[in-house]
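Note sheet for the following structure.
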Amino acid sequence: MAKFGDLAGGSVVEPEHARYGNPIMTADATGEEAAGRRPTGIPDKPGLEGLEATWSARWQADGTYAFDRSSPREGVYSIDTPPPTVSGELHIGHVFSYTHTDAVARFHRMRGKAVFYPMGWDDNGLPTERRVQNYYGVRCDPGLPYDPDFEPPADPPKEPVAISRPNFVELCLQLTIQDEKVFEQLWRTLGLSVDWAHTYATVGDVAQRASQRSFLRMLDRGHVYQRTAPTLWDIDFRTAVSQAELEDRERPGAYHRIAFPRADGPGPAVEIETTRPELLAACVALVAHPDDERYRPLFDTFVRTPLYGARVPVLAHELADPEKGSGIAMVCTFGDTTDVVWWRELHLPTRTLIGRDGRLLPVAWGTEGWESSDPVEAATHYDEVVGKTVRQAQTRVVEQLAESGAMIGEPLPITHPVKFYEKGERPLEIVSSRQWFVRTLPLRDKLLQRGEELNWFPPYMAHRFRTWVEGLNDDWNISRQRFFGVPFPVWYPVGPDGDADFAAPIPASEDQLPLDPSTEVPPGFTAEQRGVPGGFVGDPDVMDTWATSSLTPQIAGRWEDDPDLFARVFPMDLRPQAHDIIRTWLFSTVVRSEIEEGSLPWRNAAISGWVLDPNRKKMSKSKGNVVTPLPLLEQHGADAVRYWAANGRPGTDTAVDEGQMKVGRRLAIKVLNASRFALGRLADDAGQIDVPGPEAITAPLDKAMVAGLAGVVAEATTAFKGYDYARAIERTEAFFWSFCDDYLELVKTRAYGDPAQPGPASARAALALALSVQLRLFAPFLPFVTEEVWSWWRSGSVHRAAWPGQSELNEPATGADPAVLEVTAEVLGAVRRAKTTAKQSMRAPVAVLTVTDTRQRIDALQEATEDLKDAGGVAELVTVIGPESTIDVALAAPD
RNA sequence: GGGCGUUUAGCUCAGUUGGUUAGAGCGCAGCCUUCACACGGCUGAGGUCGGAGGUUCGAGUCCUCUAGCGCCCACCA
């Protein structure tokens, strides 16, 4: 199998030296071909069926898309391919955006670049965990020892089997390999020009080593730190969640107005409004705005919480909004992130009420931190809600408040945004926990600058990055309390009391990587010392999935495992991705590259839109409107599906449209048939194709066509350079249809003439040139059908042929008058219209065709008189120079 | 609350720095079958470019205001 270097003898010929973009793979070129002759392999009845299987196998065997790693960096075009989540559904959205990237990759490859186009698999994190749990019927219990003989149950049992973390990870790896094969097959069918020798994954040794190495370096340089602090917490997944994984959802709630009696003097009770009365026991203060005249006299006095009798201060803080509720808020530890700010900035005590499972924790009223004016009554009230979920607790607390008279009026229903983990089902709580953080806040200005330096396609996507960075309010929490993922490569000493000292982590050394601290032992310790006083304990957490996938340039480029390769591909040229993960994947990759390399990870970011269902609704599993790509590929063919995708402009959401796929299929078939037709003009009686060189293009009509084609090439090239593949295919396609409708019709008779004569020679040379150029223009979009046609008359792969350049078109287009083709096509159109109106066949003969027009246009028409008469079946053409522009078609009398 | 995008034919969308009668495909209607293509070809009907105002010789295109839709961000009491 071809890997690197096999093609070294066949680097892409520069357009300047290409005649019709001669292919580069000359290994099978014959002497005959060198002389411009080649036996044709044109089938009688060409079709699209089977092209995917034939050509994807051939490309693999020939190493058509192999990366030439001998190329210096300036000769490389490198792509930071998004790794699809293999545990997820195969999704038409994948096909959409990967087609865009593939078209761009093919363009740069044809432009002579060594294209580094790897494929990655994202098999890290929670989605994989969940899939493994359901697929095998297991659950991870990190306390269990590894069982080397464990086999998953044949059928997933109702009650999940508890297995050790290493066993669980083994199953994750096993299942992801299966999933990866399904994806690879899809990509091959779609015709992605990926170099399959360069795959990577976000789990496995390479990724883990890169991720852990980067972590150790960040630790060494002070870019990461641990903090025990209030953290956004998903009570179902039982893990911390970072700011980037949050989303707001509108949820119904209610304002409850609650009266707090004064604790240290006379005066009316202070009324607050809260949506979370169940947190009353965790109340540590009331807060109002410092300028709020209503509450100013109360500052630094005390009130008592209803039900529990806790004495809490009334304090001033600017975040308190006089407009909201009663203008004074209850601070609980913790109801929302504002509470955390108040708690931190006003140095309030902590009353932890919510456990990691989202239930109310037991409280010893009357003890330190839980002081009460009446501990017995407090306990009586609290005993009714302890152990309940927040929802259940809220119901009971509201009843208690009403019974006690502290509730003022009825709850006022509202709808308000509540923070959720984007994959979660219940609102996030805030619990105190120990987490690892990357210091991103100090990098903010630098990151904003990097965002400016990056070329965004479309440009307005830069706003999303900037808004996100400007809105950062905390460092990046990279630890997750899960099992499958990259473990933190650190241990902690265990003190004589048996408690781990998290403040003194023992880092692994880089040469130990990758490692799992739950099974491996830190330097200077023995396995027997794990978990015992005076010994050590491994960090129990794993890294956030983005903490690893933010290193895809390093992982795919093999970073320090292969510094030579890394130097040739980094910083990469392109990051293609969807807009929904700008704040996660794009942002975190920029952060890591800034920390590791002090540079942007890539120069360009091409942001694709989403695929919507045929009714323009966002696809989601829960709605059941997810469209899977394989049936569409089978029904319409890969080129047709790619055609639909390529017409989705960068950054624009696009609906699944089978109509567009049918159009794409028709286009692919047209390419087959038109090519067959044109090549039929080029083959001699022996089936040999003998094409005159472009210097034979002398007829004004042919020159006009070539000039038009040159314009299309220029436009498509410019568009591709700006990542506007959609414009490139649109212009190419428009030209191709008029080429078929008008030009082919006009020259088909002349091209059959004596090849030794200038007219036929010109037509034949122009046909060959136009066909070659158009096949190459279509190649990034329709890789299968263009390769099929290319194989009929050229050697090598069209995908390794040179992108058409001005040089091969400028000369034959010299002195061209575009009007010759324009006017002639217009007149031909009028002839067709006349025949249609008369309900005649297109072959119906025309007795006299009279064209009246300006001298200039008549002169242009005169240059193609014979072609026009042949194409229109015109017996006599009369031209009149006059002020008006008329075309009169006199059909011959029917027999 | 702040910001971004979008609004052009029944549908999906082009329209590049303002420049003649606003384009394409689908759909629709009609016509044409053996000589590349019925998995086809040709032809046609169809739009006062969301609304209002302004700049200009000239506005789908630039400016202001405004409405609908979609999205991003935000300290959610």
Side-chain angles (χ1 to χ4, degrees), chain A residues 42 44-49 248-251 253 255-256 272-276 279 286-288 318-321 324-332 335-342 414-419 427 458 460-471 473 579-580 582-583 609-610 612 614 616 618 636-637 640 647-649 651-655 657-660 662-663 665-681 715 718-719 722 724 726-727 730-731 733-734 737 740-741 744-745 748 829 832-844:
Chain A
I42 309 171
D44 286 338
K45 190 80 181 164
L48 299 177
E49 278 63 37
D248 285 353
R249 296 182 199 163
E250 289 290 330
R251 283 292 179 272
Y255 281 128
H256 301 79
I272 61 101
E273 288 195 0
T274 179
T275 56
R276 301 205 59 182
L279 294 179
L286 304 188
V287 175
E318 299 196 336
L319 269 183
D321 181 355
K324 213 169 262 186
S326 59
I328 185 163
M330 158 174 99
V331 183
C332 303
D336 61 35
T337 51
T338 315
D339 283 341
V340 178
V341 174
W342 282 325
I414 55 157
T415 303
H416 63 153
V418 179
K419 282 196 192 313
Y460 60 80
M461 289 294 178
H463 294 298
R464 298 210 182 176
F465 180 83
R466 196 184 62 240
T467 314
W468 171 251
V469 175
E470 284 172 349
N473 57 30
H579 55 61
D580 56 328
I582 288 174
R583 68 173 180 172
W610 275 342
L612 309 173
R616 300 199 64 77
K618 190 179 161 184
H636 303 287
N647 276 290
R649 305 188 105 75
T652 305
D653 293 348
T654 303
D657 185 350
E658 288 202 60
Q660 279 299 101
K662 286 177 185 162
V663 173
R665 183 177 176 83
R666 202 182 54 158
L667 173 64
I669 292 169
K670 190 79 174 176
V671 168
L672 287 176
N673 287 313
S675 300
R676 187 168 101 82
F677 183 52
L679 290 173
R681 266 52 186 175
E715 274 196 274
T718 303
D724 195 353
R727 176 185 290 275
E730 186 203 325
R731 295 304 151 104
E733 185 192 7
W737 282 107
C740 291
D741 290 351
L744 275 184
E745 292 297 326
K748 67 183 181 186
R832 286 196 197 110
R833 199 157 29 243
K835 293 179 181 180
T836 298
T837 307
K839 304 195 175 184
Q840 297 275 306
S841 157
M842 284 302 124
R843 300 185 195 291

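Just so it is clear: chains get the letters A, B, ... in the order the sequence lines come, proteins before strands, and each one is counted from 1. Just so it is clear, the model here is predicted, and its values are computed rather than measured.
Looking at A:D339, its side chain never comes within 3.5 Å of a backbone N or O of A:V331 through a donor-acceptor pair.
Scanning RNA chain B for stems, defined as runs of 3 or more consecutive Watson-Crick or G-U wobble pairs whose donor-acceptor distances all fall under 3.5 Å, gives the following ranges: B:1-7 with B:67-73, B:10-13 with B:23-26, B:28-32 with B:40-44, B:50-54 with B:62-66.
For A:K45, the side-chain atoms get nearest to B:A38 when compared with the rest of B:A38, B:G41, B:C4.
Counting non-hydrogen atoms under 4.0 angstrom, A:A726 reaches nothing in the nucleic acid. Counting any heavy atom pair closer than 4.0 Å across all strands shown, A:T338 reaches sugar-phosphate atoms only and no base atom. Note on A:D741: only backbone sugar-phosphate atoms sit closer than 4.0 angstrom, heavy atoms only; bases stay farther off. Within the nucleic acid shown, A:K839 comes within 4.0 Å of sugar-phosphate atoms alone, with no base atom in reach, counting heavy atoms only.
Here the separation of B:U64 from B:G70, taken at their P atoms, is 25 Å to the nearest Å. Look at the P atom in both B:U8 and B:G44: the space between them is 25 Å, to the nearest Å. On the P atoms, B:A14 is 39 Å away from B:C35, given to the nearest whole Å. When the C1' atom is used for both B:C28 and B:C49, the distance is 22 Å, rounded to whole Å.
What separates NE2 of A:H636 from P of B:C39 is a distance of 16 Å, to the nearest Å. Note: CZ (A:R466) to P (B:G2) measures 16 Å, nearest angstrom. If you take CZ of A:R843 and C1' of B:U34, they are 9 Å apart, rounded to a whole angstrom. Per the geometry, CD belonging to A:E658 stands 17 Å off P belonging to B:U12, to the nearest Å. Per the geometry, CD1 belonging to A:I669 stands 13 Å off P belonging to B:C37, to the nearest Å.
Mapping A:I328 and A:G829 onto RNA chain B by nearest heavy atom places A:G829 closer to the 5' end of the strand. Take the nearest nucleotide of RNA chain B for A:K835 and for A:R665: the residue whose nucleotide is more 5' is A:K835.
In terms of the ring-ring contact (aromatic ring centres under 6.0 Å, His included) criterion, A:H463 has no residue partners (sequence neighbours excluded). Annotation: salt bridge (charged side-chain N to carboxylate O under 4.0 Å, His left out) contacts of A:R665 (sequence neighbours excluded): A:E49. Among residues two or more places apart in sequence or in another chain, the side-chain hydrogen bond (donor to acceptor under 3.5 Å, both in side chains) test is passed with A:R249 by A:E247. In this view, A:A838 and A:Q840, A:L891 satisfy the side chain to side chain contact (heavy atoms under 4.5 Å, CB included) rule, not counting sequence neighbours. A:D724 is linked by a salt bridge (charged side-chain N to carboxylate O under 4.0 Å, His left out) to A:R727, counting only residues two or more places apart in sequence or in another chain. Scanning for side-chain hydrogen bond (donor to acceptor under 3.5 Å, both in side chains) contacts around A:E658 gives A:H636, with sequence neighbours left out. Residues satisfying the salt bridge (charged side-chain N to carboxylate O under 4.0 Å, His left out) criterion with A:D248, sequence neighbours excluded, are A:K419. Checked against salt bridge (charged side-chain N to carboxylate O under 4.0 Å, His left out), A:K748 has the following partners two or more places apart in sequence or in another chain: A:E745.
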*List the protein contact pattern of nucleotides 15-28 of chain B with one symbol per nucleotide (5' to 3'): B for base contact, S for sugar-phosphate-only contact, - for none; contact means a heavy-atom distance under 4.0 Å.*
SB--------SS--

*What does nucleotides 6-11 of chain B look like as a protein-contact string, B for base, S for sugar-phosphate only, - for none, at under 4.0 angstrom between heavy atoms?*
------

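In this model, the phosphate group of B:C35 is not approached by any side-chain N or O of A:K748 to a distance below 4.0 Å at OP1 or OP2. Neither OP1 nor OP2 of B:A74 sits under 4.0 Å from any side-chain N or O of A:K419.
A donor-acceptor contact under 3.5 angstrom links the side-chain atoms of A:E745 to the base of B:A36.
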Could you go through nucleotides 68-71 of chain B and list every protein N or O atom that sits under 3.5 Å from one of its N or O atoms, giving the distance for each pair?
| from | atom 1 | to | atom 2 | distance (Å) |
| --- | --- | --- | --- | --- |
| B:C71 | O2' | A:R464 | NH1 | 3.3 |
| B:C71 | O2' | A:R464 | NH2 | 2.8 |

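A salt bridge links A:E730 with A:R649: the distance from a Lys NZ or Arg NE/NH1/NH2 to an Asp or Glu carboxylate oxygen falls below 4.0 Å.
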